Protein chains: 2
Amino acid sequence: MAFKTRAQYVADDLRQRILGGEFSGGTQLRQDALAKDYGVSRIPVREALLTLEAEGLVEFHAHRGAFTTELSVAKIRELFDLRVLVEGYVLERAIPRLTPADLAQAETILSDYDAALNAGHQIDHWSDFNFAFHRALYAPAELPEAMAMIAQLNTKSDRYIRMQLLYTRQIEKAEREHHALLDLARQGDAAGACQVLERHILDACEGIVAVLEHHLASQA
Amino acid sequence: MAFKTRAQYVADDLRQRILGGEFSGGTQLRQDALAKDYGVSRIPVREALLTLEAEGLVEFHAHRGAFTTELSVAKIRELFDLRVLVEGYVLERAIPRLTPADLAQAETILSDYDAALNAGHQIDHWSDFNFAFHRALYAPAELPEAMAMIAQLNTKSDRYIRMQLLYTRQIEKAEREHHALLDLARQGDAAGACQVLERHILDACEGIVAVLEHHLASQA
DNA sequence: ATCGGGACATTTGTACACAATATGCAAAAT
DNA sequence: ATTTTGCATATTGTGTACAAATGTCCCGAT
């Protein structure tokens, strides 16, 4: 795993740029420009774009190139509903199998980020922390395929989560919910934890939709 | 959509070959050999392999190449459990929105395949028919992201479904279940349909696991 | 004025050639 | 004898160059 091909490097960096909001939905990504940007040939760029296509961040049209995907409000709702469904399924199975070590790890991730929050604004890495925390809770279920699906759903919705965080200061709220989630997990209350998780995800969704609709309204 | 690049063509054909069982799990797919096979250069082959990697059919290791993935019994169970979860979710939402036209289309697909079954052994296209039928039932839910996930889960488990069909004559059973499913859908009985669907998927899973374990036992 | 058709330019898709890396074997050192 | 180091070879990864396809612009016809 130590070695990274140029294609992987470009894919990783480009993913960050897309998720960071550098390109608005529907932007064409010219292979030549990206190649010059990264100082590589177009081939690793193409391969990176293909990877991102599979992740749902860009779309290829034969002989017309790659475009960043545009998510509608309906699709965002759909993505978050699916997250509720799958993450709830996994969490329910993970909680009875949580060991003290698992809980300690989740605790550590959470307090580390609390500390980072107080130090400064780390929006860039919030997604990673968020996913790391959720992963720590889900891992004991030992459902790798489901985890892969969850990762995919998260990647697809990440761009919009960032947008929401930028406009509304909801990180603190999310952190409070994380603590509540951890407490319920510690008590082994699967039903309660799933309920909090559902609310956690759906609230984030509504926040994003609100921001997005406000944004669209102001553009029109 | 009319035009197909060579990369897409190779991806489609190679997917069929993998799903058809031509390569056992863990086989290395040499780019050079495939390129000569298809009469193209290695680049579209690489791109095809990247696509298949995203679909979970092969795995890339840097500088070592692509290998077909190997699914464990645990992963197969996980995949089918996820199918129950997601397909049930979609079906429940689709049934109240089913129009007579939707039902007619599903009916047509089903009777077309019944006819094909009587004519000869069409195992090659069973997956397509199967997916087409399920898609017809799910489509009215208008959940494209969920449909994409379902397609992905189906692709991953297809190889093993074929194996099961080859060893056990379960197509007829599946067809009977399809008819039952369609009847319940026609009556608007969402709960009943979901129950039949769950049984439909889990029975297939158990059949595959039985075949696989028998297979593994005879190898050892 | 509008619509249709054809040449041009831009961009993607692919072949070919080379560079970089992993693996296996052999030989040497401990 | 075991381990390690270096080399040979095969295979992947990438740069360069060319072919194919798409969209655009201009021109002429209706």
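Quick caveat: nothing in here was measured; it's all calculated off a predicted structure. Protein chains get the first letters and strands the later ones, always in sequence-line order, with residue 1 at the start of each.
Closest of all the heavy-atom pairs between A/Ala54 and A/Gln152 is O-NE2, 4.2 Å.
Across its full length, the helix from C/dA1-D/dT30 to C/dT30-D/dA1 shows an angle of 20° between the axes of its 5 terminal pairs at either end, rounded to 10 degrees.
Scored by the salt bridge (charged side-chain N to carboxylate O under 4.0 Å, His left out) test, A/Lys156 finds B/Glu145 as partners (sequence neighbours excluded). Under the rule for a salt bridge (charged side-chain N to carboxylate O under 4.0 Å, His left out), the partners of A/Glu206 that lie at least two apart in sequence or sit in another chain are A/Arg77. Residues satisfying the salt bridge (charged side-chain N to carboxylate O under 4.0 Å, His left out) criterion with A/Glu78, sequence neighbours excluded, are absent altogether. Take A/Glu70 and apply the side chain to side chain donor-acceptor pair (under 3.5 Å) test, not counting sequence neighbours, and it matches no residue. Applying the salt bridge (charged side-chain N to carboxylate O under 4.0 Å, His left out) test to A/Glu142 and every residue at least two apart in sequence or in another chain returns A/Arg97.
Contacts with DNA chain D (heavy atom under 4.0 Å) in residues 33-52 of chain B: B/Arg42, B/Ile43, B/Arg46, listed by number. Contacts between residues 56-67 of chain A and DNA chain D, counted as heavy-atom distances below 4.0 Å, involve A/His63, A/Arg64.
Sorted by first and then second residue, the salt bridge (charged side-chain N to carboxylate O under 4.0 Å, His left out) pairs with a member in residues 45-55 of chain B read A/Arg46-B/Glu47, A/Glu47-B/Arg46, B/Arg15-B/Glu55; sequence neighbours excluded. Residue pairs meeting the salt bridge (charged side-chain N to carboxylate O under 4.0 Å, His left out) criterion with at least one partner in residues 100-116 of chain B, sequence neighbours excluded, are B/Glu107-B/Arg186.
On the nucleic acid side, DNA chain D has its first and last nucleotide under 4.0 Å of a heavy atom of chain B at D/dT11 to D/dA21, going 5' to 3'.
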Return all side-chain donor-acceptor pairs below 3.5 angstrom for residues 29-37 of chain B, not counting sequence neighbours, or 'none' if the list is empty.
residue: B/Arg30; atom: NH2; partner: B/Gln28; partner atom: OE1; Å: 3.3
residue: B/Gln31; atom: OE1; partner: B/Arg42; partner atom: NE; Å: 3.3
residue: B/Asp37; atom: OD2; partner: B/Arg17; partner atom: NH1; Å: 3.3

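Projected onto DNA chain C by closest heavy-atom contact, A/Arg6 and B/Ala7 fall at different nucleotides, the more 5' of which corresponds to B/Ala7.
Between A/Thr69 and A/Arg159, the side chains place a donor N or O and an acceptor N or O closer than 3.5 Å (distance only, hydrogens not considered).
Not a single donor-acceptor pair under 3.5 Å links the side chain of B/Glu92 to the backbone N or O of B/Tyr89. Using a distance-only test at 3.5 Å, with no hydrogens or angles considered, no donor-acceptor pair links the side chain of A/Thr27 to the main chain of A/Thr68.
If you take CZ of A/Arg30 and P of C/dT10, they are 11 Å apart, rounded to a whole angstrom. Atom CG of A/Asp32 is separated from atom C1' of C/dG13 by 13 Å (rounded to the nearest Å).
Between B/His134 and B/His200, the two ring planes are parallel [angle under 30°; tilted spans 30° to 60°].
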